[in-house]
**Student:** 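I'd like to ask some things about the structure below.
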Protein chains: 2
Amino acid sequence: MTSYDVARVAGVSQSAVSRAFRPGLSVSAKTKDKVMKAAKKLNYKPNAIARMLITQRSGMVAVIISSISNLIYPELLSRITDQLSSRDVRVLLFTLDEKEQLAELLDQIWTFQVDGVIALTAHFDHEDIARFEEHNIPVVLYNRQVPDHPANTVCVDHEQGLKQLVDLLVAGGNRRFLVLSGPTESDVANERRIIALRHLSRHGIDEVPVAYGDFSYQSGKDCFARWMKDHDAPDAVICSNDTMAIGCIDEARDGQGLKVPEELSVTGFDGIHAAFWTGYDLTTVRQPVNQMAKAAVDILMERVENPTVPPEKRVLAGSLFKGSSARS
Amino acid sequence: MTSYDVARVAGVSQSAVSRAFRPGLSVSAKTKDKVMKAAKKLNYKPNAIARMLITQRSGMVAVIISSISNLIYPELLSRITDQLSSRDVRVLLFTLDEKEQLAELLDQIWTFQVDGVIALTAHFDHEDIARFEEHNIPVVLYNRQVPDHPANTVCVDHEQGLKQLVDLLVAGGNRRFLVLSGPTESDVANERRIIALRHLSRHGIDEVPVAYGDFSYQSGKDCFARWMKDHDAPDAVICSNDTMAIGCIDEARDGQGLKVPEELSVTGFDGIHAAFWTGYDLTTVRQPVNQMAKAAVDILMERVENPTVPPEKRVLAGSLFKGSSARS
DNA sequence: TTGAATAATGCATTCGATTTCAATTTAAAA
DNA sequence: TTTTAAATTGAAATCGAATGCATTATTCAA
C-alpha cells in the first residue's frame with residue numbers, strides 16, 4: 001500500500017496524499033477527507049523509511065547503555081523511552097560492554113542516521129564526542145563529564161548529595177570510615193569517591209582508606225570481606241552505589257557477623273528499588289530519575305531541532321534518603 | 001557522502017560501489033580495492049535507510065517490553081540485544097504499559113517496517129498476532145501462549161520446574177501452603193499457580209489458599225501481611241516470581257517476626273540476580289535466560305529469512321536452585 | 001588463435017514519500 | 001463583474017543505495 005494507491009482510489013494526486021498526512025500543509029478540507037477515507041479503506045500508513053530518506057530525519061534516537069545489570073539503568077531506560085515516544089521519537093537500543101566495540105557501534109549509528117544519541121555509558125571520551133560533532137549528531141551524556149570539552153550533560157549533584165550524606169554520618173557519630181569505590185576507570189566512581197573524601201576532610205577526617213570494586217553486588221561483598229581480613233571494622237562504609245552497598249551489608253551481616261547499623265553504618269548512592277527493600281533500607285542519595293530522563297530528552301531534542309544551540313550541562317539535586325542502614 | 005561521491009573518486013560506477021559493499025556480489029578484486037580506498041578517504045558509510053527502502057528489509061527488530069521494573073527483563077533485554085546485534089540486526093525498543101497504547105504502537109511498528117517482533121509482554125492476544133501475520137511480520141512471544149492460535153513461543157518449562165520445586169518443599173516437611181500468585185490477567189501467573197496447585201494435589205495437599213498480587217515487591221509484602229492478619233502462618237509460601245518472594249520474606253522477617261526458613265519457607269521463580277543475594281538466598285527456579293534469548297532470536301530470524309516456516313513453540317528446562325529460604 | 005562460457009561493469013530503474021515550482025482554482029476586494 | 005491576492009493542486013525532481021539487463025572484458029578449453 002503506497003501513497004499512489006491511495007491517490008488513485010481517492011482520485012487525487014500522490015502529492016495530495018502526502019500533504020494530507022503531514023500537519024500544517026496546504027490541503028483543502030475536501031481533499032483531505034477524500035484521502036483519509038481512501039487511506040482507511042486501504043489500511044494505508046505512510047512508510048516511515050521513505051520519509052526518513054527524503055526528510056533526512058530518522059525519528060530515531062540511539063540509546064547506548066553499558067552494564068544493563070546496574071539496576072539504575074532499567075528504570076532510566078524506561079523513562080527515557082517514554083519521554084522520547086511522547087515526542088514521537090523511537091529508541092534504537094545499543095549495548096556496549098567493551099570499549100573495543102565502540103568503533104563498530106559508532107559506524108552503525110552513522111549509517112542509521114539517528115537524530116541524536118543518549119549515552120548511558122562510561123566508554124566515551126572527548127574524541128568520540130568530537131566525531132559526533134563532525135557528523136552533526138547531538139549527544140547527551142548521563143552522569144558523565146568529559147574534561148576540557150563542552151558537552152551536553154545531565155548530572156545528579158554529587159557535591160550536594162554527598163555533602164548531606166557525609167554530614168549525616170558524622171552527625172551520627174561515625175568517625176572511622178572506609179570508602180568502597182567503583183573502579184578508577186569510571187568517572188562517576190572517581191567523582192563520588194573524591195567528593196566524599198573531601199567532605200570527610202572538612203570534618204577533620206583524613207587519611208580515609210579506599211577499597212575498589214566494580215559497582216557490582218559481588219564486588220561489594222568481596223571488597224568488604226577482603227578489607228576485614230586485615231583490618232578492624234570501620235564505623236561506616238560509604239559505597240559508590242547502592243548495589244555495592246547491598247553487597248557490603250550482606251557480607252557484614254552474614255560473613256562478618258556485624259550488626260547493621262549498630263556496629264556498622266553502610267551508605268549507598270542512586271536510590272534503586274532494591275535499596276528501599278526493608279531487608280536493606282539503605283541510607284542513600286536518590287537520583288531524580290524521572291527529571292533526569294526528561295532533562296536528557298529535552299536537551300537532546302532541542303539540539304536536534306536547532307543544531308546551533310550550544311552545549312549545556314544540567315545538574316539536578318538528588319535527595320538524601322535516611323534509611324536504617326546507617327547511624328545518624 | 002554518497003555512493004556517487006565514492007564512485008567519482010574511485011573512477012567507477014555507482015553500481016560498482018554498491019556491489020563492493022555487499023558481500024558475495026560480482027566485483028573484481030581491483031575494483032573493490034579502488035572503491036574501498038576511496039570510501040576510506042571520504043569516510044563513506046552506506047546509508048542504511050536508503051538500503052532499507054530498496055531492499056524492503058529494515059535490519060531492525062522491535063522489542064516490546066512491559067514493566068521493565070520486573071527484574072528479569074533487563075537481563076533478558078540485554079541478551080536479546082546482544083544476540084540480535086551478532087546477527088547485524090538492531091533493536092527498536094518499545095515500552096507498553098497499558099493495553100490501550102497497543103494500537104498506536106502497532107501502527108508505529110508497521111510504518112517502521114521492522115523485520116520481526118519479540119514480545120516480552122502480556123498485552124498481546126491472538127487478534128494482535130493475526131494482524132502481524134497479515135503484515136507478514138514474524139513474532140516471537142516470551143513465556144506466553146496464545147490459546148487456540150499457533151504462535152512462535154519461547155517458554156521456560158513451568159511444569160518441570162514447579163514439579164521439582166514442590167517435591168522439594170514437600171520432602172522438606174512443608175505441609176500447609178500458601179500460593180502467592182501474580183494477577184489473573186497474566187498468563188504466566190495463571191500457569192504458575194495452576195501447575196503449582198496441581199503438583200501439591202498430587203502429594204495429597206488440596207484446598208491450598210491463594211493470594212493475589214501483581215508481581216511487585218510491594219505486593220509480595222502487602223499480600224503476605226494481609227494474609228497474616230486473619231490466618232496462622234503457613235509452612236511455606238510459593239510465589240509466582242522472585243520479586244514477590246523477596247517482598248514476602250521481608251514482610252515475614254521484619255513485619256511478622258517469622259524466621260525464614262525455620263518458621264516459614266518461601267520460594268520464588270525466575271532466578272533474578274537479587275534472588276541470590278545472601279540476604280535472601282532464594283530457593284527458586286532459574287530461567288535459562290541466555291538460552292531463551294538465543295532461542296527467541298533464532299526462531300525469529302529463521303522466520304525472517306523464510307516466512308513460510310511454520311510456528312514453533314520451544315520449551316526450555318529451568319533449573320531448581322536450592323537456596324536457604326526454604327526447608328528442604 | 002579462436003570460440004564459448006563466465007565474470008565484471010555500467011546504465012537506468014526502482015523503493016515510497018517529500019517538496020519545489022508552476023499552473024489552476026477559489027476567495028476577497030474593488 | 002472584473003481584478004488581485006491567496007489557497008490548492010499536480011508534475012516532476014529528489015533522497016541514496018540496490019539490482020535487472022545489456023554490454024564488455026576475461027578466462028579457459030580446444
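Each chain gets a letter, A, B and so on, in the order its sequence line appears, and its residues count up from 1.
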**Student:** Write down the protein N/O and nucleotide N/O pairs, taken from nucleotides 20-28 of chain C, whose separation is under 3.5 Å; answer none if there are no such pairs.
**Tutor:**
none

**Student:** So, is A:T55 close to the C:dT18 phosphate, meaning a side-chain N or O under 4.0 Å from OP1 or OP2?
**Tutor:**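 For C:dT18, OP1/OP2 do not have a side-chain N/O of A:T55 under 4.0 Å.
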**Student:** Taking for each residue the nucleotide of DNA chain D bearing the nearest heavy atom, is the 5' side occupied by A:V12 or by B:S18?
**Tutor:**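 Its nucleotide being nearer the 5' end, the pick is A:V12.
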**Student:** Check this for me: does any side-chain nitrogen of one of B:R131 and B:D128 sit under 4.0 Å from a carboxylate oxygen of the other?
**Tutor:**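 The answer is no: the pair does not qualify as a salt bridge.
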**Student:** Please state how far atom CD in A:Q56 lies from atom P in C:dA17, giving the value in whole angstrom units.
**Tutor:**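 The answer, rounded to whole Å, is 17 Å.
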**Student:** Nearest whole Å is fine: how far is C:dG16 C1' from A:M1 CE?
**Tutor:**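 Spelled out: CE on A:M1 to C1' on C:dG16 is 14 Å.
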**Student:** Tell me whether A:E305 is salt-bridged to A:R303, with the criterion being a basic N under 4.0 Å from an acidic carboxylate O.
**Tutor:**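 Salt bridge flag = no for A:R303 with A:E305.
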**Student:** What nucleotide, of C:dA17, C:dA8, C:dG16, holds the atom closest to the side chain of A:R51?
**Tutor:**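 Looking only at side-chain atoms, A:R51 lies closest to C:dA17.
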**Student:** Please step through side chain to side chain donor-acceptor pair (under 3.5 Å) for the pair A:S28 and A:T31, ending with a clear verdict.
**Tutor:** CA-CA 5 Å; A:S28 68; A:T31 308; 2.8 Å; yes
**Student:** Select from A:L53 and B:K32 the residue whose nearest nucleotide in DNA chain C is closer to the 5' end of that strand.
**Tutor:**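 Counting from the 5' end, the first nearest nucleotide belongs to B:K32.
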**Student:** Along DNA chain D, 5' to 3', what are the outermost nucleotides having an atom less than 4.0 Å from a heavy atom of chain A?
**Tutor:**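 Taking any atom under 4.0 Å from a heavy atom of chain A, the span is D:dT8 to D:dG16.
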**Student:** Is the shortest distance from a Lys or Arg side-chain nitrogen in B:R90 or B:D88 to a carboxylate oxygen in the other one below 4.0 Å?
**Tutor:**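 So B:R90 pairs with B:D88 through a salt bridge.
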**Student:** If we check side chain to side chain contact (heavy atoms under 4.5 Å, CB included) with B:Q113, which of these qualifies: B:M52, B:Q56, B:R57?
**Tutor:**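 Only one of B:M52, B:Q56, B:R57 forms a side chain to side chain contact (heavy atoms under 4.5 Å, CB included) with B:Q113, namely B:Q56.
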